[in-house]
> 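Dropping the structure in here first, questions after.
Note that this is a predicted model, so its numbers are computed, not measured.
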Amino acid sequence: MLVSCRRLLTTLLHAQKWPFQPSRSMRLVQFQAPHLTGPHLGLESGNGGGVINLNTFDPTLPKTMMEFLEQGEATLSVARRALTAQLPVLPRSEVTFLAPVTRPDKVVCVGMNYVDHCKEQNVPVPKEPIIFSKFASSIVGPYDEVILPPESQEVDWEVELAVVIGKKGKRIKATDAMAHVAGFTVAHDVSARDWQMRRNGKQWLLGKTFDTFCPLGPALVTKDSIAESKFQPRPQVQQAFFHIPYCRGGRTSSVTIHPHNLKICCRVNGEVVQSSNTNQMVFKTEELIAWISQFVTLYPGDVILTGTPPGVGVFRKPPVFLKKGDEVQCEIEELGIIINKVV
């Protein structure tokens, strides 16, 4: 019943028929369909389009993203060939999107990583990354439901840019970091503020890692379509504040974009609650990978959530928290939109 509801949701959202138009952007997805057994790998034919079944194109390809990324360039080259071939597209209404990465070795998260989010709380910009984690069991798909746990009365929203690791590494230099990145996706760092801020010794883990607290998707957009940024020192507090009233992340474009200059926003029941730009990130992707890999080995499929902009519910006056029936939309320019009903 849940699968059929999700399929109905995606049908209503994307009723338009989307012809496949080859582009430089590779949008890797994991999906299910009634006529297929188990998860399959695919290519989303443009932001919001249908799906090409990569396992039909090449039956030797693995059927999970983890195995796909572990095989590195060999599997990526097959996907690139599929991208330029004239292949049939499964209509979006006929597939169920899964999270682009499931069961990674680790989900690493970064706190207080937006200059404007620090201003919102009237706290100093961190001098080094604040790291915490979620368990991989918190990951759900881009249109799955977020379950309110009975243990919390203060569940909050956080839209985030997620980085997916594509190559194993330890003590990675910032200048080499992008060589270890497979791509980017949209994340919703759902947070139980009572458990994060007051319970469990004020350790953040339990408040961040309830089941369903990490929706991801809709696609892993490979770094081929996102400009590799030269490593720059940490920005100063005087960085400009960007207020963007809405996000236009759904457009299809062949223009190369920059991961640290993307509009990012969150809507709750259609109302914009977070609106910023990834240029507000204190520590960029390269710097985060260099920092994290000092402590742990990064493996293909590992997910790094890079922090959230201002507008979260807990810092509103009075605070606002998610309730049953709410719909949360997290969107990042060029990467797409994930939509999660709160139940």
> Listed by chain and number, what are the ring pair (Phe, Tyr, Trp, His ring centres under 6.0 Å) partners of F213, not counting sequence neighbours?
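Partners of F213 under the ring pair (Phe, Tyr, Trp, His ring centres under 6.0 Å) test: F210.
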
> For the atom pair NZ (K168) and CG (D105), what is the distance rounded to the nearest 0.5 Å?
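Going from the NZ atom of K168 to the CG atom of D105 covers 10.5 Å.
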
> Hey, is CZ on R316 packed in by over 12 heavy atoms from elsewhere, all under 6.0 Å?
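Result for CZ/R316: enclosed.
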
> Between SG of C330 and CG of N340, what distance do you get to the nearest 0.5 Å?
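Nearest 0.5 Å value for the SG-CG distance: 7.0 Å.
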
> Drop me the distance from D326's CG to E271's CD, to the nearest 0.5 angstrom.
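Answer rounded to 0.5 Å: 10.5 Å.
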
> Drop me the distance from T297's OG1 to Q294's CD, to the nearest 0.5 angstrom.
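The distance works out to 12.5 Å.
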
> So among H260, K223, H180, which one has a side-chain hydrogen bond (donor to acceptor under 3.5 Å, both in side chains) with T285?
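When H260, K223, H180 are each tested with T285, the side-chain hydrogen bond (donor to acceptor under 3.5 Å, both in side chains) holds only for H260.
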
> Give a yes or no on whether the backbone of G169 and the side-chain of S293 come within a donor-acceptor separation of less than 3.5 Å.
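Not a single qualifying donor-acceptor pair exists.
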
> Any heavy-atom pair between the side chains of C214 and F135 that's under 4.5 Å?
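Side-chain contact under 4.5 Å: no.
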
> Can you give me the closest heavy-atom contact between W157 and G313, atom names plus distance?
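So the two residues come closest at CZ2-N, 3.4 Å.
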
> Does S152 reach the main-chain N or O of A192 with its side chain, forming a donor-acceptor pair under 3.5 Å?
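Side chain of S152 to backbone of A192, a donor-acceptor pair under 3.5 Å: no, none is there.
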
> Looking only at heavy atoms, what is the nearest atom pair of D211 and S137, with distance?
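Scanning both residues, the minimum pair turns out to be OD1-O, 4.0 Å.
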
> Hydrophobic cluster membership, with links at side-chain heavy-atom distances under 4.5 Å among I/L/V/M/F/W/Y: are V29 and L36 in one?
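V29 clusters together with L36.
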
> Any chain of hydrophobic side-chain contacts (each under 4.5 Å) joining L161 to I165?
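Yes, it is one cluster - the side chains of L161 and I165 are joined through contacts under 4.5 Å.
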
> Is V328 reachable from F321 through a run of hydrophobic residues whose side-chain heavy atoms are each under 4.5 Å from the next?
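Different clusters.
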
> Can you tell me how far CE of M112 sits from CD of E120, rounded to the nearest 0.5 angstrom?
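Spacing of CD (E120) from CE (M112) equals 9.0 Å.
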
> List the atom of V95, the atom of A33, and the distance in Å for their closest heavy-atom pair.
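What the structure gives for the nearest pair is CG1-CB, 4.5 Å.
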
> Do V164 and V181 have side-chain heavy atoms sitting under 4.5 Å apart?
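Side-chain contact under 4.5 Å: no.
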
> Without swapping roles, check the side chain of E287 against the backbone of A174 for a donor-acceptor pair under 3.5 Å.
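No, the answer is negative, given that no donor and acceptor are paired below the 3.5 Å cut-off.
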
> Is there a path of hydrophobic side-chain contacts, each under 4.5 Å between heavy atoms of I, L, V, M, F, W or Y residues, that connects L322 with V186?
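Per the 4.5 Å side-chain linkage, L322 and V186 are not co-clustered.
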
> Heavy-atom distance under 4.5 Å between the side chains of V110 and V108, does that happen here?
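Side-chain contact under 4.5 Å: no.
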
> For I338 and H188, run side-chain contact (heavy atoms from CB on, under 4.5 Å): C-alpha distance rounded to whole Å, both residues' side-chain angles, the deciding distance at 0.1 Å, then the answer.
CA-CA 8 Å; I338 62 177; H188 182 186; 4.0 Å; yes

> Suppose we screen for salt bridge (Lys or Arg N to Asp or Glu O under 4.0 Å). Which residues come up paired with K167, at least two apart in sequence or across chains?
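Per chain and number, K167 pairs via salt bridge (Lys or Arg N to Asp or Glu O under 4.0 Å) with no residue.
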
> V282 vs V115, test: side-chain contact (heavy atoms from CB on, under 4.5 Å). Steps then yes/no.
CA-CA 6 Å; V282 180; V115 173; 3.9 Å; yes

> Going by salt bridge (Lys or Arg N to Asp or Glu O under 4.0 Å), name the residues that satisfy it together with K208, two or more places apart in sequence or in a different chain.
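With neighbours one apart ignored, the set is E158, D189.
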
> For residues P104 and I139, determine if any side-chain heavy atom of one lies less than 4.5 Å from a side-chain heavy atom of the other.
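Touching, per the 4.5 Å side-chain cut-off.
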
> Looking at side-chain heavy atoms only, is the closest gap between L54 and V78 below 4.5 Å?
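Side-chain contact under 4.5 Å: no.
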
> Minimum heavy-atom separation for A182 to L69, with atom names?
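Closest approach of A182 to L69, heavy atoms only: CB-CD2, 3.8 Å.
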
> Tell me whether E333 contacts the main-chain N or O of K263 through its side chain, where contact means a donor paired with an acceptor under 3.5 Å.
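Flag set: sc E333 to bb K263 pair under 3.5 Å.
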
> Can we say E154 and R199 salt-bridge, meaning some charged N sits less than 4.0 Å from an Asp/Glu carboxylate O?
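No.
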
> For A162 and A187, work out which heavy atoms get closest and say how close.
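Nearest pair, atom of A162 first, then A187: CB-CB, 3.9 Å.
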
> If you round to the nearest 0.5 Å, how far is CD of E70 from CE of M66?
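If I round to the nearest 0.5 Å, the distance is 5.0 Å.
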
> Give a yes-or-no answer on whether the side chains of H117 and T308 include a donor-acceptor pair shorter than 3.5 Å.
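The criterion, which ignores hydrogens and geometry beyond distance, is not satisfied for T308 and H117.
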
> Okay, side chain of N55, backbone of L61: is any donor-acceptor separation there less than 3.5 Å?
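Present.
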
> Is it true that atom CZ of F315 has more than 12 heavy atoms of other residues, nucleotides or ligands lying nearer than 6.0 Å?
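Correct, the count exceeds 12.
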
> Check for me, please, whether Y114 and V125 land in the same ILVMFWY cluster - side-chain distances under 4.5 Å, paths through other members count.
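Looking at the clustering, V125 is in the same group as Y114.
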
> For side-chain contact (heavy atoms from CB on, under 4.5 Å), just list the numbers for E334 and V221, CA-CA rounded to whole Å, side-chain angles, deciding distance to a tenth of an Å, and then say yes or no.
CA-CA 9 Å; E334 301 292 349; V221 182; over 6 Å; no

> Any sub-3.5 Å donor-acceptor pair from N279's side-chain atoms to N261's backbone N or O?
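Pair absent, no side-chain N/O of N279 close to backbone of N261.
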
> Donor-acceptor check, side chain of S138 to backbone of T212, threshold 3.5 angstrom: yes or no?
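No.
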
> Indicate yes or no for a side-chain donor-acceptor contact from S45 to the backbone of G50 under 3.5 Å, with no hydrogens or angles considered.
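Checked: pair present.
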
> Before accepting this row, confirm whether a basic side-chain N of the pair E44/R27 lies closer than 4.0 Å to the acidic partner's carboxylate O.
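Answer for the salt bridge query: yes.
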
> Between F97 and R92, is there a cation-pi geometry (under 6.0 Å to ring centre, at most 45° from the normal)?
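Yes, R92 lies over the aromatic ring of F97.
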
> Sub-3.5 Å donor-acceptor pair from the side chain of T185 to the main-chain atoms of L216, do we have one?
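Absent.
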
> Output yes when a side-chain donor or acceptor of K341 lies under 3.5 Å from a complementary backbone atom of V146, and no otherwise.
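Judged by distance alone, no pair lies under 3.5 Å.
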
> Report the residues that fulfil salt bridge (Lys or Arg N to Asp or Glu O under 4.0 Å) with R80, sequence neighbours left out, ordered by chain and then residue number.
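Expected list: E73, D224.
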
> Heavy atoms only: give me the nearest V107-A136 pair and the separation to one decimal.
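Closest approach of V107 to A136: CG2-CA, 4.2 Å.
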
> Are a donor atom and an acceptor atom from the side chains of E331 and Q329 found within less than 3.5 Å of each other?
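Short answer, no.
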
> Does a side-chain heavy-atom distance below 4.5 Å link C118 with P126?
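C118 vs P126: side chains touch.
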
> Given T222 and F184, is the side-chain contact (heavy atoms from CB on, under 4.5 Å) satisfied, shown in steps?
CA-CA 6 Å; T222 61; F184 300 84; over 6 Å; no

> Looking at residues at least two apart in the chain, or sitting in another chain, which of them share a side-chain hydrogen bond (donor to acceptor under 3.5 Å, both in side chains) with T64?
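Here the qualifying residues are E67.
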
> What residue among M197, K202, Q196, Q203 forms side-chain contact (heavy atoms from CB on, under 4.5 Å) with N200?
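For N200, the side-chain contact (heavy atoms from CB on, under 4.5 Å) check succeeds only for Q203.
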
> With the side chain counted from C-beta on, respond yes when I304 and I289 share a heavy-atom pair under 4.5 Å apart, and no when they do not.
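Yes - at least one pair of side-chain heavy atoms lies under 4.5 Å apart.
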
> Does any non-hydrogen side-chain atom of E327 lie less than 4.5 Å from one of V342?
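No. Closest side-chain heavy atoms not under 4.5 Å.
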
> In terms of ring plane angle, is the pair F31 and H40 parallel, tilted or perpendicular, where the classes change at 30° and 60°?
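Taking H40 first and then F31, their aromatic rings sit tilted (interplane angle of 30° to 60°).
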
> Is any NZ, NE, NH1 or NH2 atom of the basic residue among D116 and K119 found under 4.0 Å from an Asp or Glu carboxylate oxygen of the other?
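Salt bridge flag = no for K119 with D116.
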
> Filter on salt bridge (Lys or Arg N to Asp or Glu O under 4.0 Å), then keep only pairs touching residues 297-314, sequence neighbours left out; what's left?
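Matches after skipping sequence neighbours: K106-D302.
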
